[in-house]
Amino acid sequence: MAPKPRVRFAPSPTGELHVGNARTALFNWMFARHHGGSLVLRIEDTDESRSAVSYQLNLYDDLKWLGLSWDEGPQIESSNPQLNSSGYRGGKEEATQSYSTIRRGADDDANKDSRLKATGDYGPYRQSERLDIYKEHLKKLIDADLVYPCYCTEEELEEERQNLILSKRMPRYMGKCRNLTQSQRKQKENEGRKPSFRFKVQPQTIEFEDLIRGAIKFESEAMGDFIIVRSNGMPAYNFAVVIDDHLMNITHVIRGEDHLSNTALQIMLYRAFGFEPPVFAHHSLILGKDRAKLSKRHGSVSIGEFRKQGILPEAMINYLGLLGSSFTDKKEVLSREEMIAEFALERASKSGAVFDEEKLRWLNAIYIRNCKTEDLIKRLKPFLEKSGHKSDIINSEWFYNIIELVKDELTTLADIESHISIFFDDRYKLTDEAKKILEKDNAKNVVKVFAGYLNESDAPPQNLYSTAMKHVKEKTGAKGKELFMPIRAALTGVVHGPELDKVFAILGKDSALRRLKNIV
């Protein structure tokens with residue numbers, strides 16, 4: 001292994017950051033940090049119809065939220081450029097902004113956006129800005145007679161594919177345009193057909209040693225001549241990625257196992273250019289509980305969706321690190337430092353890792369419990385503001401005591417309103433369960449005696465609850481649930497919650513009496 005490995009995370013800005021891609025970013029980040037190497041962020045944005053500026057900006061924001069810093073590539077100066085005061089991203093209008101607006105020249109405002117600037121010695125770091133580089137390398141392959149123009153239409157290619165399937169053969173391009181004469185090519189062009197360029201696949205064996213999967217072998221006879229430049233002039237994935245990885249001195253390519261077949265094609269291009277291939281490592285995919293590849297039909301799949309649900313970045317990183325990894329001491333709750341220290345590709349699992357949202361939430365609850373209350377309130381603020389709570393309340397000592405009391409009950413940050421509404425008189429209401437408790441024999445009498453004692457007692461606040469409960473027990477004979485449940489139902493409107501004496505201490509005598517008078 002090189003003393004200073006260079007790895008890259010190279011997403012396409014065609015949607016929100018998927019948890020599968022986030023785990024790929026995490027594996028690359030842990031590998032780079034473990035070995036003291038560099039992580040390059042490269043944006044593969046040559047799909048003009050689907051790429052959008054907002055997706056790229058959201059990508060940066062999600063990576064920074066996760067704490068996955070990169071050493072080279074596009075940067076943004078603002079830590080949360082796309083977040084509004086509630087912690088959520090902007091509207092759909094921006095998501096439709098195409099990267100074409102950036103490609104139109106130096107006068108375009110998008111080119112001046114500081115959030116899209118890049119740093120590093122191996123740029124540009126967006127493929128849309130590297131088109132001249134790809135043209136230069138295409139010419140090298142043309143001059144070496146290793147590629148040829150293909151004039152087949154989508155309809156012709158699909159017909160060929162279906163015929164191969166019907167004849168029970170592997171679908172692949174059969175080389176229809178490979179041996180066209182110059183006059184035949186000219187005729188196609190006169191018909192208005194714009195050629196793509198295909199790489200001439202020669203009979204060969206492609207072998208490489210995968211850091212996770214061991215020895216991998218492909219035979220080229222199963223592959224057809226593949227497109228390296230599309231008819232619109234845009235480079236195909238396998239062509240651009242080989243050039244970029246070579247010119248950016250990438251030493252290790254860490255990505256999902258769904259890229260294994262791409263690796264075979266890329267190695268052929270490495271050989272054609274005379275480049276030294278990087279070391280490859282293909283990790284397992286993230287699966288749903290049905291063991292199919294994780295997708296939207298399984299529920300939340302993007303980092304942004306989990307952010308909105310109130311998952312903490314520490315919990316998400318911890319959980320993604322557990323998926324398909326084998327840390328030496330089998331711990332499940334690990335700090336970033338522990339994950340970096342123990343990470344090894346050689347121990348990564350070869351089989352798919354099932355995404356268990358319940359386990360993620362279990363981890364999240366642990367991180368919330370361990371979070372300092374001051375820090376937790378800052379993290380909760382967008383969710384609190386969304387529920388209508390004002391800053392003067394959020395920043396008060398009274399509110400601090402509430403969060404200190406309920407934090408152990410939270411699973412996600414978004415759960416907060418359901419746990420704190422009992423402390424606000426204007427949000428207090430009896431649930432159906434509470435009403436049923438108060439309809440039971442002796443329940444209203446228990447509440448009435450409790451309210452009467454509060455109204456008449458001059459006991460100090462710190463002793464008021466305990467003396468009131470003792471009084472009610474003596475006067476009514478109620479004990480256990482018959483004593484506590486009616487008072488909980490009457491005071492909070494619900495039948496479950498934090499310890500009642502602590503709730504009462506926060507509510508205070510006046511608030512308690514206001515609530516009880518509507519019941520007795």
Side-chain angles (χ1 to χ4, degrees), residues 369 373-374 376-377 380-381 383-385 387-410 415-520:
R369 287 199 298 273
T373 302
E374 297 90 338
L376 182 58
I377 290 174
L380 286 168
K381 193 171 183 180
F383 299 90
L384 294 166
E385 290 177 340
S387 297
H389 295 286
K390 304 300 182 183
S391 293
D392 57 339
I393 293 292
I394 295 172
N395 296 327
S396 68
E397 182 180 352
W398 176 77
F399 192 77
Y400 177 97
N401 292 333
I402 292 175
I403 301 303
E404 184 78 6
L405 180 59
V406 305
K407 64 188 286 188
D408 288 358
E409 307 296 324
L410 298 177
D415 294 338
I416 187 61
E417 180 58 27
S418 64
H419 288 274
I420 66 172
S421 59
I422 63 173
F423 296 98
F424 294 84
D425 288 348
D426 60 344
R427 301 181 185 215
Y428 163 83
K429 63 180 180 179
L430 292 174
T431 64
D432 290 340
E433 288 180 304
K435 290 175 183 177
K436 288 180 181 178
I437 293 292
L438 294 170
E439 289 169 359
K440 291 182 178 180
D441 294 342
N442 202 34
K444 284 199 175 179
N445 185 45
V446 167
V447 175
K448 183 177 181 180
V449 174
F450 183 76
Y453 182 86
L454 293 185
N455 195 44
E456 297 173 5
S457 175
D458 57 0
Q462 63 268 26
N463 297 329
L464 183 56
Y465 174 80
S466 59
T467 57
M469 293 299 281
K470 183 178 180 181
H471 174 79
V472 175
K473 185 176 181 180
E474 291 173 352
K475 289 291 184 181
T476 65
K479 57 184 179 179
K481 286 186 177 181
E482 291 181 357
L483 173 63
F484 290 98
M485 289 303 288
I487 294 177
R488 178 182 288 280
L491 281 179
T492 67
V494 296
V495 298
H496 301 289
E499 295 173 51
L500 197 52
D501 59 333
K502 295 179 180 178
V503 172
F504 183 86
I506 292 174
L507 285 176
K509 178 179 176 177
D510 292 342
S511 178
L513 285 172
R514 282 194 295 271
R515 297 178 181 199
L516 296 177
K517 73 176 183 180
N518 294 321
I519 295 178
V520 300

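When every heavy atom of Leu483 is checked against every heavy atom of Val446, the shortest pair comes out as O-CG1, 3.8 Å. Ile506 approaches Asn401 most closely through the heavy-atom pair CD1-O, 3.7 Å. Nearest heavy-atom pair across Glu385 and Ser391 is OE2-OG, 4.2 Å. The nearest pair of heavy atoms linking His389 to Ile394 is O-CD1, 3.8 Å.
Applying the salt bridge (charged side-chain N to carboxylate O under 4.0 Å, His left out) rule to pairs touching residues 486-499 yields Glu499-Lys502, sequence neighbours excluded. Screening residues 438-461 for side chain to side chain donor-acceptor pair (under 3.5 Å) gives Asn442-Asn445, Tyr453-Thr467 as the qualifying pairs, with residues at least two apart or on separate chains. Within the structure, salt bridge (charged side-chain N to carboxylate O under 4.0 Å, His left out) pairs that include any residue of residues 510-520 comprise Asp425-Arg514, Asp425-Arg515 (at least two apart or interchain).
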Show the numbers, then the answer: is there a side chain to side chain contact (heavy atoms under 4.5 Å, CB included) between Ile416 and Val406?
CA-CA 8 Å; Ile416 187 61; Val406 305; 4.2 Å; yes
I'd like to know whether Leu516 forms a side chain to side chain contact (heavy atoms under 4.5 Å, CB included) with Leu454, so could you lay out the CA-CA distance, the side-chain angles of the two residues, the decisive distance to 0.1 Å, and finally the verdict.
CA-CA 10 Å; Leu516 296 177; Leu454 293 185; 4.0 Å; yes
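With sequence neighbours excluded, the residues that form a side-chain contact (heavy atoms from CB on, under 4.5 Å) with Thr373 are Ile377, Tyr400, Ile403, Glu404, Lys407. With sequence neighbours excluded, the residues that form a ring pair (Phe, Tyr, Trp, His ring centres under 6.0 Å) with Phe504 are Tyr465. For Pro460, the side-chain contact (heavy atoms from CB on, under 4.5 Å) partners two or more places apart in sequence, or in a different chain, are Gln462, Asn463.
A donor-acceptor pair under 3.5 Å is formed between the side chain of Thr492 and the backbone N or O of Val494. Not a single donor-acceptor pair under 3.5 Å links the side chain of Ser511 to the backbone N or O of Gly508. Checking side-chain atoms of Lys479 against main-chain N and O of Lys473 turns up no donor-acceptor pair under 3.5 Å.
Side-chain contact between Asp415 and Phe383 is absent, with no heavy atoms from C-beta onward closer than 4.5 Å. Side-chain contact between Met469 and Ile487 is present, with heavy atoms from C-beta onward closer than 4.5 Å. Residues Phe450 and His471 are not in side-chain contact: their nearest non-hydrogen atoms beyond the backbone lie 4.5 Å or more apart. With contacts defined as side-chain heavy-atom distances shorter than 4.5 Å, the pair His419/Leu410 qualifies. Side-chain contact between Leu384 and Ile420 is present, with heavy atoms from C-beta onward closer than 4.5 Å. Residues Leu491 and Tyr428 have side chains not in contact (no heavy-atom distance under 4.5 Å, counting atoms from C-beta outward).
Note: Asn395 CG to Lys381 NZ = 5.5 Å, rounded to the nearest 0.5 Å. Expressed to the nearest 0.5 Å, how far CD of Glu417 lies from CZ of Phe424 amounts to 7.5 Å.
In Lys509, the NZ atom is crowded: over 12 heavy atoms of neighbouring residues, nucleotides or ligands sit closer than 6.0 Å. Atom CD of Glu482 is surrounded by 12 or fewer heavy atoms from other residues, nucleotides or ligands within 6.0 Å.
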